Amino acid sequence: MDFIALIIIETMIGAVLAGSLCGSLGVYLDRMNLLTLGFVIAHAALAGAALSIILRVNTELLAFVTSLITVSFIEFICARFNVKRDLIAMSLFALTSSLGMFAIYFAPTTTLTAQTASLILWGSILAMTIGKIILLALIMIVLVIYITAFKTQINAILFDRKLAEAEGVKVTLHATIFILITTLTVSLILRLTGSFLVFSLIYNSAMAASQISRKRQALIGGAMGALSGITGVIISFRLDTPIGATIALTSSIILFITLAIAVIRDIRNKKKMLKLREGRNM
Amino acid sequence: MALRNINVNIPLNSISLITGPNGSGKTTFLELVLGFLKPLTGKLYVLGYEMPRNASKVRLHVSYLPQNFMRDERETYSVKEVILMGLASYYAPFQKPSKEELRMVKEVTKRLGISDLLDYPMGILSGGQQQRVMLARALIRKPKLILLDEPFSSIDRDSRKEIVELLSRIRDEYKATIVIVTHILSDVISIADQIIELRDGEVVRSKWIS
């Protein structure tokens with residue numbers, strides 16, 4: 001197999017895994033009211049990845065550590081000072097974005113800075129490696145096992161978070177596990193989609209899934225994410241467009257299609273209801 | 001709303017009503033009992049445990065019906081699934097409902113008159129039916145303490161009367177202690193053992209009904 005074909009296959013597999021993981025996680029984060037944290041994780045990962053240029057350490061590792069520290073800090077502030085999670089999360093979003101920009105600006109050489117900044121911000125088709133694919137596959141397996149093992153507890157949290165907590169379900173522990181898996185996933189795929197576009201896979205897929213059905217949403221979200229990922233990669237290769245932006249655009253198009261389908265379905269349902277009522281009145 | 005100078009004793013196997021106008025601290029009272037809030041001064045004991053230090057132990061013996069939990073037609077969890085969620089905190093990883101638990105679901109729903117709705121999605125049920133489902137979820141936990149936050153706010157008068165009768169039976173049959181936060185006293189007063197009236201975060205009246 002030639003080098004280009006190998007890159008294409010690696011990127012496609014990586015995009016499917018990244019998309020399905022982000023799509024499923026997006027659904028859980030959405031229904032657990034943790035979406036803002038997902039947003040902050042992506043930007044904290046950007047700060048970590050940018051800092052890794054200056055410190056000359058592993059990008060994914062530093063992105064993961066920075067995201068983890070940021071999320072832990074948010075949770076600490078929430079618990080200690082009774083501040084709304086969204087409020088502190090958005091403050092830290094601004095802080096981590098600024099740190100990321102500063103790190104890129106002060107990186108060692110101009111050429112290196114431009115190249116690496118572009119890679120971190122907008123993604124690259126060369127970013128997916130066999131190692132990352134194996135790690136993403138392992139995260140997927142862990143996620144599936146975890147969701148199967150704690151199905152009733154997770155369903156109770158999704159149904160009503162406060163009620164589940166009042167009944168003794170360890171809500172904070174489960175939320176932490178989802179955040180941890182999201183942090184790991186985002187850190188690993190950061191250089192494929194870019195830090196500014198990684199959350200398009202999380203948010204768009206979750207929203208698309210919510211338009212299709214309330215049942216098996218995580219599965220649908222995962223499928224939407226995988227579809228966005230692989231279609232984005234194929235279009236990017238065919239048209240020679242930036243991979244991160246193409247994946248983000250594809251997921252947005254898929255979202256708009258599902259929104260249109262939902263609107264048409266609602267109109268049809270309303271017409272059916274009207275006909276039924278008219279039939280009864282006659 | 002902050003609570004001040006609260007000295008309340010709720011005996012076991014009784015029904016206590018916490019009443020008062022909006023913003024008087026009724027829901028804050030329940031959140032303290034559940035360990036969601038920490039008292040700034042004084043001590044709070046629930047089922048013999050100091051709160052909120054022992055919240056995780058206490059919550060295993062408590063059933064709670066939150067205010068405004070009504071679900072719209074988008075809610076697709078079935079009645080059976082919602083009731084079994086009540087057992088989630090007792091389950092080990094990979095544990096599925098036992099035959100005994102499924103039998104209990106049938107028994108409790110039969111008693112509450114919703115046994116034919118088990119496979120229905122929660123979202124298509126009426127307010128009264130949803131209230132019964134949540135009561136079934138509360139009962140399947142075999143709780144020592146049941147906390148109800150404005151349980152009559154979204155149901156009609158007939159359903160309200162039926163649920164009040166059910167609560168009285170639950171206290172007697174399950175030997176449970178029931179605390180009801182409500183601003184509608186008219187229907188529920190007949191089954192109450194104690195009424196505690198709150199205003200601006202303070203107890204203005206506490207009365208035992210013989």
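For clarity, every value in this text was computed on a predicted model and none was experimentally measured. The chains referred to below are lettered A, B, ... by the order of the sequence lines, with proteins before strands, and numbering in each begins at 1.
For the atom pair CG of A:D160 and CE of B:M134, the computed distance is 6.5 Å after rounding to the nearest 0.5 Å. Atom CG of residue A:L163 and atom OH of residue B:Y64 lie 8.0 Å apart, to the nearest 0.5 angstrom. One distance of note links CZ of A:F159 with CE of B:M122; it measures 4.5 Å at 0.5 Å rounding. Taken to the nearest 0.5 Å, the CD1 atom of A:I157 stands 10.5 Å off from the CE atom of B:M85.
Within a 6.0 Å sphere centred on CZ of A:F256, other residues, nucleotides and ligands contribute 12 heavy atoms or fewer. Within 6.0 Å of the CG atom in B:L40, the count of heavy atoms belonging to other residues, nucleotides or ligands does not exceed 12. Atom CG of B:N22 has 12 or fewer heavy atoms from other residues, nucleotides or ligands within 6.0 Å.
Listed here is the closest heavy atom pair of B:F36 and A:A166: CZ-N, 3.8 Å.
Within the 4.5 angstrom heavy-atom criterion, only backbone atoms of B:L84 (N, CA, C, O) approach chain A. Heavy atoms closer than 4.5 Å to chain A are found nowhere in B:S56, neither backbone nor side chain. Only the side chain of B:V82 comes within contact range of chain A, with at least one heavy atom under 4.5 Å from a heavy atom of that chain. Of the two parts of B:Y77, only the side chain, counted from C-beta on, holds a non-hydrogen atom closer than 4.5 Å to a non-hydrogen atom of chain A. Contacts between B:E31 and chain A at a heavy-atom distance below 4.5 Å involve the side chain alone, from C-beta outward.
Side-chain contact between A:E167 and B:R137 is present, with heavy atoms from C-beta onward closer than 4.5 Å. Using a 4.5 Å cut-off on side-chain heavy atoms (C-beta onward), A:T152 and B:K96 make no contact.
Residue with the most contacts toward chain B among A:K215, A:K170, A:E165: A:E165 (heavy-atom pairs, distance under 4.5 Å). Among A:A156, A:G168, A:A149, A:S213, the residue making the largest number of heavy-atom pairs under 4.5 Å with chain B is A:A149.
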Could you go step by step and tell me if A:K151 and B:F94 meet the side chain to side chain contact (heavy atoms under 4.5 Å, CB included) rule?
-> CA-CA 8 Å; A:K151 191 183 167 194; B:F94 298 103; over 6 Å; no

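For A:Q153 (side chain) and B:Y90 (main-chain N/O), no donor-acceptor pair under 3.5 Å exists by modelled atom type.
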